[in-house]
Amino acid sequence: MLRDKYQEEIDEILSRYPVRRSALIPLLYLAQREHGYITEASMTEIASLLKLTPPQVYETATFYTMLNLKQVGKFHIQVCKSLMCALVGSDTVVAWIKSKLGIGPGETTADGVFTLTLVECLAACGTGPMMQINDDYYECLTEDKFDRIVADLTATGSSALKSGPFMWPEPLAMKSERPIG
Amino acid sequence: MGQHEPILLKNMSHPGYTGSLADYERTGGYQAVKKVMGKVSPAEVTQLVIKSGLRGRGGAGFPTGVKWGFLPKDYQGLRYLCCNADESEPGTFKDRQLIERDPHQILEGIVLACYAIAAETAYIYIRGEFVLGARILEKAIGEARRAGYIGKNILGTGVTVDIWVHRGAGAYICGEETALLESLEGKRGLPRVKPPFPATHGLYNKPTVVNNVETLANLPHIINRGPEWFAAIGSPPKSTGTRIFCVSGHVKRPGNYEVPMGITFRELIYEHAGGMRSEKPLKAFIPGGASAPFLTPDHLDVKMDFESVAAAGSMLGSGGVTVMEEGTSMVWAALRLMEFFYHESCGKCSPCREGSSWLVQTMRRIVNKRGRAQDLETLTDLCKNIAGRTVCAFGDAEVAPIMSTLKHWRPEYIALIHEAEAANLLRPQPVGARG
């Protein structure tokens, strides 16, 4: 039960909103963090927490692509396939994943480590091709960079190649006093 | 046009600027809050913003101060401000930079807007994928709260503004302001029928203003330096200030460039973004995010302000400029965007829900060289029956790529269909199928 483990966090979330239902997506995220995806049991529990019916919770949960109603791999790779990334090679990234990890869109590796999902625009159009893995963005992908990310994740569970606070073009490349116009 | 310093990207352009409260204060941060709280009335703040000519930076370009003025004057109950940080228009990535590099600039703008509209609670609706951005904002809110810029009794003036970060969960439509409100209420993000507008019936049915991140980030500067200063920048009187244009696609230096409105696309693409990445010349560009109709090299000297781009048959939209080089198939490009819209259609209105599916299928058929002569008529007919027939502007947006590529590059569609027809003649036919 989420309530037993996260009572304090749940109370904090509820305190942000004058109407309970607003806490629905934050609580679904909590459930997803706990189990890796949103289980039916957690939806039922959230319904009772928010005084909603289970279908009301399900109705919202099924609308949003980031809420997983099925188990995904330990690392959920989401490659942006929208036009801006496609112009600079996102289809190639998908091909690397197919040849290196052996999975296509919607598939998970046999060991349950990687899942690939093709997604629409993640607002990183100037730094494509890009992908998001779990919470992190990886941008300006090259084959070599992709290999290193996969090796890092497999070995240590994280990679230093993930994006930090975003600025593009990079600040150092910009002469700070350069006038605009 | 004079020389202009960046305004919104100025702090972060300095090496070593971390976006912390201390850094922000060192560059004059929260001076605008100190300047107005308890000294200038909310109505006067609204008047200053109207005078500055500031228009919404999210896409529609509605005058910000005027939008605030729509809130009922005599209403005594709760009011809300929502900061639209759902940045999801393909081609746009400016808000992410503002959020992750200078969060206090946005928070100060939110406090000022809340003061002007007498809202005590603001929600920052940030797209779910911006996990880092949400963390940075939450940290900044904590800093500002401890320093007394946010919370109860701000700087001892008795004004209360609480700010909460609310993460979306992956739905483009939640950038539409009424869908955003539905989503914030824990529902599916389906746009509401307007009227009533959020100004009177918004979040929890209370008067609400929804403003984009970049719009809000401009407010401290307008307060500090005066509306006349702001109104003189850009392309007055209708397009004042700077815009952060996001350049993507086949250019040498893609990225965010803050420039006064009214420079030409040629200046942005060839000077700021370094021109084309290879020898191949520019074939097409999208001037304002995926919802904006494609333009051609003939439009490179169009001025980048709301009116000029509209006169050229497109829109400045969210400021996302996507450049495509010679050799890019325009039919393929339109299909890619159509796939986006098909995926993101919320499903509320039948013309959009059914039409987007039909458009994708027809476009795929043409791109895969299985098209038929009558497909072009089908596309046009579908587009005409979607645009203007939906609750929100999504319907108009989704037909823009197809309608504009059909207008400017019709021969490419026809060539693909001819190829399909030629291949069809060679394909073995079932016995008795012909004649």
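Lettering of chains follows the sequences in order, A, B, ..., and the numbering in each one begins at 1.
Here CE of B/Met12 is found 10.5 Å from CZ of A/Phe166. Values are rounded to the nearest 0.5 Å. The distance from the CE atom of A/Met66 to the CD atom of B/Glu129 is 4.5 Å, given to the nearest 0.5 Å.
In this structure, the side chain of A/Trp168 does not engage the main chain of B/Asn256 through any donor-acceptor pair within 3.5 Å. When atom types are taken as modelled, the side chain of A/Thr60 and the backbone of B/Gly186 share a donor-acceptor pair closer than 3.5 angstrom.
A pairwise comparison of heavy atoms in B/Phe93 and A/Gly126 identifies CE2-N, 3.2 Å as the closest pair. Here the closest heavy-atom approach between residue B/Ser248 and residue A/Met84 is recorded as OG-CG, 3.6 Å. Listed here is the closest heavy atom pair of B/Tyr257 and A/Pro169: OH-CG, 3.3 Å. Across B/Ile136 and A/Pro165, no two heavy atoms sit closer than the pair CD1-CG, 4.2 Å.
Residue B/Val165 touches chain A through its backbone alone, counting heavy-atom pairs closer than 4.5 Å. Using a 4.5 Å cut-off between heavy atoms, B/Val323 contacts chain A through its backbone alone, with no side-chain atom that close. Using a 4.5 Å cut-off between heavy atoms, B/Phe340 touches chain A through backbone and side chain atoms alike. Neither the backbone nor the side chain of B/Leu203 comes within contact range of chain A; no heavy atoms are under 4.5 Å apart. The contact between A/Leu122 and chain B is made by backbone and side chain atoms together, counting heavy-atom distances below 4.5 Å. Both the backbone and the side chain of B/Ser183 come within contact range of chain A, with heavy atoms under 4.5 Å apart. Residue contact with chain A, scored on non-hydrogen atoms closer than 4.5 Å, involves the side chain of B/Ile173 exclusively.
Under the 4.5 Å side-chain criterion, counting only non-hydrogen atoms from C-beta, B/Tyr172 is not in contact with A/Glu120. A heavy-atom distance below 4.5 Å is found between the side chains of A/Phe63 and B/Leu190. Using a 4.5 Å heavy-atom cutoff, the side chains of B/His166 and A/Pro26 are in contact. A 4.5 Å side-chain heavy-atom check between B/Met324 and A/Leu87 finds at least one atom pair inside the cut-off. Using a 4.5 Å cut-off on side-chain heavy atoms (C-beta onward), B/Glu344 and A/Cys121 make no contact. Looking at A/Ser163 and B/Leu132, their side chains never come closer than 4.5 Å, going by heavy atoms from C-beta outward. Between B/Tyr80 and A/Pro18, some side-chain heavy-atom pair lies under the 4.5 Å cut-off. Within the 4.5 Å cutoff, the side chain of B/Thr322 has no heavy atoms near those of the A/Cys125 side chain.
At most 12 heavy atoms of other shown residues, nucleotides or ligands fall within 6.0 angstrom of atom NZ in B/Lys139. Within 6.0 Å of OH in A/Tyr58 there are 12 or fewer heavy atoms belonging to other residues, nucleotides or ligands. Few gaps surround CD on A/Glu12; more than 12 heavy atoms of other groups in view lie less than 6.0 Å from it. At most 12 non-hydrogen atoms from other residues, nucleotides or ligands lie less than 6.0 angstrom from OH of B/Tyr342.
Using cut-offs of 30° and 60° for the angle between ring planes, the B/Tyr123 and A/Tyr17 rings count as parallel.
When each of B/Arg336, B/Arg96, B/His343, B/Glu185 is checked for heavy-atom pairs under 4.5 Å with chain A, B/Arg96 comes out on top. Among the candidates B/Cys346, B/Ala171, B/Pro90, the residue making the largest number of heavy-atom pairs closer than 4.5 Å to chain A is B/Pro90. When each of A/Gln132, A/Gln78, A/Arg20 is scored by its heavy-atom pairs under 4.5 Å with chain B, the top score falls to A/Gln132. Highest contact tally toward chain A, considering only B/Gly255, B/Ala169, B/Gly170, B/Gly133, is held by B/Ala169 [criterion: heavy-atom pairs under 4.5 Å]. Per-residue heavy-atom pair counts under 4.5 Å with chain B were compared for A/Leu24, A/Thr65, A/Thr62, and the maximum is reached by A/Thr65. By number of non-hydrogen pairs under 4.5 angstrom with chain A, the leading residue of B/Gly320, B/Gly168, B/Ala290 is B/Gly168. Across B/His250, B/Glu87, B/Glu325, B/Arg277, the residue that shares the most heavy-atom pairs under 4.5 angstrom with chain A is B/His250.
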Exercise for review: Run the numbers on B/Trp332 and A/Leu83 for side chain to side chain contact (heavy atoms under 4.5 Å, CB included), then give the verdict.
Suggested key: CA-CA 9 Å; B/Trp332 168 84; A/Leu83 174 67; 3.8 Å; yes

Exercise for review: Report the C-alpha distance between B/Asp162 and A/Arg16 in whole Å, list the side-chain angles of each, state the deciding distance to 0.1 Å, and finish with yes or no for salt bridge (Lys or Arg N to Asp or Glu O under 4.0 Å).
Suggested key: CA-CA 9 Å; B/Asp162 264 316; A/Arg16 299 175 204 164; over 6 Å; no

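Between A/Lys81 and B/Glu339, at least one side-chain nitrogen of the basic residue sits less than 4.0 Å from a carboxylate oxygen of the acidic one, meeting the salt-bridge criterion.
A cation-pi arrangement, defined by a distance under 6.0 Å to the six-membered ring centre and an angle within 45 degrees of its axis, is present between B/Arg167 and A/Tyr29.
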